[in-house]
Structures are given as structure tokens and as C-alpha cells.
There are 2 protein chains.
Amino acid sequence: MLADLRRPERTFTIRQLCNEFKATPRALRFYEDKGLLTPAREGLNRVYSHKDRVRLQLILRGKRVGLSLSEIRELLDLYDENDDGAAQMARSLKKFRERAAALEQQREDIDGALIELREACARLEKRLAEIRPDLLPRAADYDQVLRARLDGHQDAALGK
Amino acid sequence: MLADLRRPERTFTIRQLCNEFKATPRALRFYEDKGLLTPAREGLNRVYSHKDRVRLQLILRGKRVGLSLSEIRELLDLYDENDDGAAQMARSLKKFRERAAALEQQREDIDGALIELREACARLEKRLAEIRPDLLPRAADYDQVLRARLDGHQDAALGK
DNA sequence: GATCAAGTTGACGTTTACGTAAACGTTGAC
DNA sequence: GTCAACGTTTACGTAAACGTCAACTTGATC
């Protein structure tokens, strides 16, 4: 009687979900503001159910693939309001495909920019080699690259 | 005496540069606000010199590869303040390499997102095929892709 | 009873690159 | 003389996703 209200009945505090998913309380409240989450209350405090946790997972997944919060909300809303599961799946699929296409386009744009950049680099390297070969940057800037890899590129890379 | 003040002395109006480089007057004035351009004045009107035109080219190139205006300004400033051409070239080269590394990272992030997206799509397609094969989206969304290709992806793809 | 940790609700700040009026001056064409 | 076309300045608006206070309440603990 005490032990069996385990999984489905379990509830979560905001902090627990934040820790589990590496989010901040501010973010969860923000999602709530935007209508993405609607946790229950116990007095003032938020109480997240199992379903809320699932929704949060979906939200974060959506973010990872570069969907905007409003787009995510639309998808979530579909799953709630409508009872025809297949129709929403079709819609989600469409959304995902669109996003995939957009990302592929972005990759192309990036490739174009990289081409321009490499040309510019090549020119600079050549002229520097002629004029002041000692000034050619070396391994030092690799730090920058490595440092950059540990950071917030995810945010910058996607959706804008 | 009249004919020989051709190329180097020639000046440009804001509109001429805008037409040539497909920019808006607002943009040029904004760059000026930010200290990227400093055209002369003839009364109130801006008069762009040859050098200004070059600077504008550099600005737009920088934008194309995803540099922020402030980064571009730093580079331009170097070319002005300092008279050691080689040193600035080295700095520019460094900047460009960093940007290239960042763009490569972005591409990786995008690839990661694409993997997640494709997985999600595959799952949805599979289940839809089982349940409601008639709802599987088809060529219709190709419009979206094509439309997207004609638009502002450049902005979204880079810098943020 | 005082403090402490954790929660809450506003509400403003941040960032980027301009767009979009509003209100006005100058010049050339008719 | 007057209308259109171009120029000017100032200044607010936008969009996204929270961060960062500030000021307060609540429950637990010493």
C-alpha cells in the first residue's frame, strides 16, 4: 500500500527534474509560462507528474533538433486536444521533415561560408608566408577550438 | 582634367552602394552607427569614398561568413589604427580560423540533430505505415523545402 | 524565535541587425 | 508652385529564450 505507489504515481519537484535533465528552474517556469507545461500545485509549489516529465523530455528533444518553443507547443497541443493519434503523428512527421530540410539547408550555407573562409585564409597565409612567416599562427589557437567545443555551440548551431 | 578624376576620386551615394551590394540604406547607416563606416558629408548627405566602398565589401564578406558586426569592426579597426600590415593579417587569419572551427562545430551539431530527427521520422513513419498508411505525407511538403531555399536561411544558418 | 534552504511571482535586461514609422529638408521636373 | 523622389535624424519595435535581480512565503531545523 505504501510501496506500490511507485512509478506511475510518483511526483517530482522542479529541482528533481532540473537535475535529471540539466535544466534550470527558470527554464521550466518559462515553459510553463509559454503553455508547454502545466504542473499541478501543492499550495504554491509545482508538482510534476509522470506525464509532465514525459512532456519535458519531448520539449528538450524538440529543442535539441532546433524546434522553437512555439513549434514544440503546437505539437504537444496536438497530442492533448486531439484524440486521433495517427493524425498528430502525421503532423509531427511533417514538422520533423521540414526541420530536417531546413537543417540541411543550413549545412549548405555553412559549407558555403567555409569555402569563402578557407579562400580568405589561404590568401592570408600565402601573403603572410611571403612577408612575415614568423607571424603565422600555429598550435596556439587550437586551445580556442577545444574550449569552444566544451561550450554553448548547440544553442548557436541551431534554430537561431 | 575632367576625365581623369575617374576611379580613385569617384564618390558614391548611399543609394548607389545599396544597389551595388544589395543592401538597404538603413543597413549602411546602422554600420555607421556601429563605427564600421565613416563616410564624409556634403552638408547632411553621406558621401562614400572608394575606401568606404572597400570597407563595405569587407563588412558584407564578414557577414557572409557569419562574423558579427562587432567582430568585423575589430578587424577593420586593426587595419586603420595599426600600420603593421602583417600583424593585422595574422590577427585576421586567426579570427577566420576560429570562425571556421566554430562553423565546423555547428555542422557537427546539425548533423547530430539530423540523426535524432531521422530516427524520430523513421519511428513515426513505421508506426503510421502500420496504423494509417494513407496519412503518410508525400510530395506536398517539398513545396516548403523549395520555398525555404529562396529565403532567409543565410541569416539563420550562421552567427545567430 | 531566528535562521536557512527552496520555492514562488513579477518584471526588467540581454543580444543582434536592422525594420519601420514620424517628421522634416533639398532638389529637379513639370 | 507643387509634387515626387531622395536624403536626413530620432527613436521605438522585433524575436527567442531564458538570466538575473528583488521581494516574499513556506516548511524544516537548530
Side-chain angles (χ1 to χ4, degrees), chain A residues 11-48 52 56 59-74 76 99 102 106 151-160, chain B residues 11-48 52 56 59-74 76 99 102 106 151-160:
Chain A
T11 64
F12 308 85
T13 88
I14 196 172
R15 184 61 51 140
Q16 287 171 331
L17 288 186
C18 286
N19 289 339
E20 182 173 358
F21 296 112
K22 305 273 179 188
T24 70
R26 182 69 183 92
L28 297 209
R29 295 189 197 110
F30 185 73
Y31 299 153
E32 188 175 341
D33 252 31
K34 295 296 173 180
L36 303 187
L37 285 176
T38 322
R41 296 304 180 104
E42 204 170 73
L44 280 183
N45 290 12
R46 276 159 249 255
V47 179
Y48 294 88
D52 292 322
L56 180 55
I59 293 168
L60 297 177
R61 245 187 227 173
K63 288 209 55 184
R64 255 174 283 152
V65 302
L67 291 177
S68 74
L69 291 186
S70 65
E71 287 173 313
I72 295 169
R73 193 171 66 85
E74 287 173 27
L76 290 174
R99 187 91 263 275
Q106 280 193 36
D151 234 15
H153 30 17
Q154 269 284 34
D155 316 23
L158 307 176
K160 181 187 181 68
Chain B
T11 63
F12 308 85
T13 88
I14 196 171
R15 183 60 52 134
Q16 287 171 332
L17 288 186
C18 285
N19 290 339
E20 182 173 358
F21 296 113
K22 305 274 179 188
T24 71
R26 180 73 183 91
L28 297 209
R29 296 190 195 109
F30 184 74
Y31 299 154
E32 188 175 340
D33 251 31
K34 294 298 173 180
L36 302 188
L37 285 175
T38 321
R41 293 305 179 103
E42 204 170 73
L44 279 182
N45 291 12
R46 276 159 250 255
V47 179
Y48 294 88
D52 292 322
L56 179 54
I59 292 168
L60 297 177
R61 243 187 229 174
K63 287 209 57 185
R64 255 175 284 150
V65 303
L67 292 177
S68 73
L69 290 186
S70 65
E71 287 173 312
I72 295 170
R73 193 170 67 83
E74 287 173 27
L76 289 175
R99 187 91 265 271
Q106 279 192 38
D151 235 17
H153 29 21
Q154 269 284 36
D155 317 22
L158 306 177
K160 179 185 182 70

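Computed from heavy atoms alone, side chains included, the values below leave out hydrogens, waters and symmetry copies. The sequence lines fix the lettering, A, B, ..., with proteins before strands; numbering per chain opens at 1. In this text the structure is predicted, and so the values were computed from the model without any measurement.
- For A:I59 and D:dC18, the CD1 to C1' distance is 14 Å, given to the nearest whole Å.
- Between A:L37 and A:R29 the shortest side-chain heavy-atom distance does not fall below 4.5 Å.
- Atom-to-atom, CZ of B:R29 to P of C:dT20 comes out at 14 Å; the value is rounded to the nearest Å.
- For B:R41, taking side-chain heavy atoms from C-beta onward, the closest of the listed nucleotides C:dA17, D:dT8, D:dC18 is D:dT8.
- Straight-line distance from the CG atom of B:N19 to the C1' atom of D:dA5: 14 Å, rounded to whole Å.
- Atoms CD and CG, on A:E71 and A:L76 in that order, are 12.0 Å from each other to the nearest 0.5 Å.
- In this structure, A:E42 places its CD atom 10 Å from P of D:dG27, rounding to the nearest Å.
- The closest side-chain heavy-atom distance from B:L56 to B:Y31 is below 4.5 Å.
- Contact annotation for A:K34: no contact, since no heavy-atom pair falls under 4.0 Å across all strands.
- A:I72 places its CD1 atom 12 Å from the P atom of D:dA16, with the value rounded to the nearest Å.
- Closest to the side chain of A:L69, from the set D:dA17, C:dC18, C:dT8, is D:dA17.
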Protein-nucleotides 19-26 of chain D N/O pairs under 3.5 Å:
from   : atom 1 : to    : atom 2 : distance (Å)
D:dG19 : OP2    : A:T24 : OG1    : 2.9
D:dG19 : N7     : A:R26 : NE     : 3.2
D:dG19 : O6     : A:R26 : NH2    : 3.0
D:dT20 : O4     : A:R26 : NE     : 2.8

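- Side-chain contact check for B:Y48 versus B:L28: some heavy-atom pair is nearer than 4.5 Å.
- Contacts of B:S70 with the nucleic acid, taken as non-hydrogen atoms under 4.0 Å apart, are absent.
- In this structure, B:L28 places its CG atom 13 Å from C1' of D:dG7, rounding to the nearest Å.
- Nucleic acid contact class of B:R15 (heavy atoms, under 4.0 Å, all strands): sugar-phosphate only.
- A distance of 11.0 Å separates CD1 of B:I14 from CG of B:N19, quoted to the nearest 0.5 Å.
- In this structure, the CZ atom of B:F12 is 19 Å from the C1' atom of D:dG7, given to the nearest Å.
- Between A:Y31 and D:dC18 there is a side-chain polar atom (N or O) within less than 4.0 angstrom of OP1 or OP2.
- Distance check: A:D52 CG to A:L17 CG gives 8.0 Å after rounding to the nearest 0.5 Å.
- In this structure, the side chain of A:R99 engages the main chain of A:G66 through a donor-acceptor pair within 3.5 Å.
- C:dG10 atom C1' lies 10 Å from atom CG of A:D33, rounded to whole Å.
- Side-chain nitrogen and oxygen atoms of B:T13 include none within less than 4.0 Å of the OP1 or OP2 phosphate oxygen of D:dC6.
- Closest to the side chain of A:K63, out of C:dT8, D:dG7, D:dC18, is D:dC18.
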